[in-house]
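Quick caveat, the model's predicted, so the values are computed rather than measured.
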Amino acid sequence: ILAYAGMIAAIYLLCGIFIYFQFDRTLLTDPLKLTRLICLPAVCIVFSGIMARDPWRAEVIPMVLCAATGTIAFGRSLTLMLMAAAAIAVSLSLGLDIAEFVMLSSASAAAIMLLGRIRTRTRLMWVGLGAAIVTGLTTLGVGILVGQSGGGSLQDLESVAIASTSSNGAMPLLRGLLLDATRQGGFTLLACLLMTGLLPLVERLFDVQTDLSLLELGDASHPLLRQLAQRAPGTYNHSINVAAIAEAAADSVGAHGLLTRVGAYFHDIG
């Protein structure tokens with residue numbers, strides 16, 4: 001117990017040092033931000049343990065959901081580090097082998113790297129499909145290298161293949177690997193689909209705005225913009241012109257053009 005506690009403490013101490021000195025120290029000094037930061041990997045590890053009890057071994061679903069949530073809330077670089085630490089913690093707590101650790105890490109990393117700005121809900125579907133392909137191929141490749149599929153060893157699968165009356169003795173082994181890869185890829189895709197329904201909750205809990213929410217705020221039918229157009233049409237037209245100029249300027253310097261445009265829509269209402 002002390003050995004496990006020491007390893008976990010060392011992992012999260014290193015994460016804390018990185019956040020404090022290299023990222024954003026307010027994540028550690030602000031109690032609310034710190035609570036959000038700690039709860040994300042903690043909830044991920046707890047639910048991974050719960051999902052691992054299922055015969056399907058679906059612990060990859062909480063990992064991918066946590067990876068997507070962290071990317072939206074904290075950005076790619078910090079979430080990559082957090083999910084690497086979470087994958088180690090899950091592997092240690094569940095007694096997983098190196099193949100499953102690599103699979104969990106690759107699924108999380110694929111979701112993080114593919115998840116950019118979410119302007120449509122179908123974006124998450126494409127992210128899920130890409131991450132599922134990466135997860136499936138990783139599971140297949142690691143299964144071949146390590147010689148494991150679904151918890152069975154290479155020797156066990158070879159004995160099944162030898163005992164099989166099939167003309168090709170490698171077919172049972174290949175089928176097991178493909179089945180495991182398809183299962184893990186399907187779970188990854190399912191997690192990204194679940195994320196589409198969880199987006200409003202994530203935005204509320206972590207106090208962030210995705211591009212999808214910004215597009216809703218910038219809709220001309222927004223009640224506040226409609227009042228502005230009715231009560232001060234000159235100011236409304238001015239705001240539209242400022243928004244167009246500001247968005248182009250923001251994009252040219254690599255800033256968040258959509259956020260700038262939506263802010264310009266409302267900048268004179270006060």
Under a 4.5 Å cut-off applied to non-hydrogen side-chain atoms, are F101 and I98 in contact?
yes

If we ignore hydrogens and angles and just use 3.5 Å, is the side chain of T196 paired with the main-chain N or O of C192 as donor and acceptor?
no

Spacing of T135 atom OG1 and L189 atom CG [to the nearest 0.5 Å]:
10.0 Å

Go through the steps for V102 and T139 under the test side chain to side chain contact (heavy atoms under 4.5 Å, CB included), then give the verdict.
CA-CA 8 Å; V102 172; T139 304; over 6 Å; no

Is I8 reachable from M81 through a run of hydrophobic residues whose side-chain heavy atoms are each under 4.5 Å from the next?
yes

Starting from the C-alpha separation in whole Å, work towards a yes-or-no answer on side chain to side chain contact (heavy atoms under 4.5 Å, CB included) for V202 and M195.
CA-CA 9 Å; V202 170; M195 194 65 203; 3.5 Å; yes

Establish whether V208 and I112 are linked, either directly or via other cluster members, by ILVMFWY side-chain heavy-atom contacts under 4.5 Å.
yes

I'd like to know if V46 and L92 are part of one continuous hydrophobic network [Ile/Leu/Val/Met/Phe/Trp/Tyr, side-chain heavy atoms within less than 4.5 Å].
no

Measure the CG-CD1 distance between L198 and I72 for me, rounded to the nearest 0.5 Å.
9.5 Å

Closest non-hydrogen atom pair, F266 against L217:
CZ-O, 3.4 Å

With distance as the sole criterion, is a donor-acceptor pair present between the side chains of H256 and D211 under 3.5 Å?
yes

Run H267 and H238 through side chain to side chain contact (heavy atoms under 4.5 Å, CB included) and show every step you take.
CA-CA 10 Å; H267 83 280; H238 160 73; 3.6 Å; yes

For D268 versus S239, what's the shortest heavy-atom pair and its separation?
CB-OG, 4.2 Å

Before giving the answer on side chain to side chain contact (heavy atoms under 4.5 Å, CB included), spell out for L205 and L201 the whole-Å C-alpha distance, their side-chain angles and the decisive distance to 0.1 Å.
CA-CA 6 Å; L205 288 177; L201 179 62; 3.9 Å; yes

For E203 and T210, test the side chains for any donor-to-acceptor distance below 3.5 angstrom and give the result as yes or no.
yes

Would you check if L124 and L193 make a side-chain contact, meaning some heavy-atom pair closer than 4.5 Å?
no

Non-hydrogen side-chain atoms of R76 and T79 separated by less than 4.5 Å
no

Nearest 0.5 Å please: distance from the CE atom of M103 over to the CE atom of M63.
9.0 Å

All heavy atoms of V64 vs all of A111, minimum pair found to be CG1-CB, 4.0 Å

Would you compute the distance between atom CG of L37 and atom CG of L32 and round it to the nearest 0.5 angstrom?
11.5 Å

Side chains of M83 and C66 in contact at under 4.5 Å (non-hydrogen atoms):
yes

I'd like to know if the side chain of D30 reaches the main chain of T26, judged simply by a donor and an acceptor atom lying under 3.5 Å from each other, with no hydrogens or angles considered.
no

Hydrophobic cluster membership, with links at side-chain heavy-atom distances under 4.5 Å among I/L/V/M/F/W/Y: are L179 and V134 in one?
no

How far apart are the closest heavy atoms of L114 and A131, and which atoms are they?
CD1-N, 3.5 Å

Testing L199, L115, L40, V43 for side chain to side chain contact (heavy atoms under 4.5 Å, CB included) with T69, which one passes?
L40

How many angstroms lie between CG in L65 and CE in M51, if you round to the nearest 0.5 Å?
9.0 Å

Rounded to the nearest 0.5 Å, the CZ atom of R53 sits from the OG atom of S48 at a distance of 12.0 Å

With the side chain counted from C-beta on, respond yes when E247 and L259 share a heavy-atom pair under 4.5 Å apart, and no when they do not.
no

So do the side chains of R261 and L215 get within less than 4.5 Å of each other, counting heavy atoms only?
yes

So if you build clusters from Ile, Leu, Val, Met, Phe, Trp, Tyr with side-chain heavy-atom gaps below 4.5 Å, do L224 and V262 land together?
yes

Could you tell me whether a side-chain N or O of S108 sits under 3.5 Å from a main-chain N or O of S105, the two making a donor and an acceptor?
no

Taking the side chain as C-beta and beyond, is there a heavy-atom pair between I19 and D24 under 4.5 Å?
no

Are there more than 12 heavy atoms of other residues, nucleotides or ligands under 6.0 Å from atom OH of Y12?
yes

In terms of heavy-atom contacts, T260 and A250 come closest through OG1-CB, 3.5 Å

How close do S91 and L104 get, heavy atom to heavy atom, and via which atoms?
OG-CD1, 4.5 Å

Indicate yes or no: at least one non-hydrogen side-chain atom of L27 is less than 4.5 angstrom from one of F74.
yes

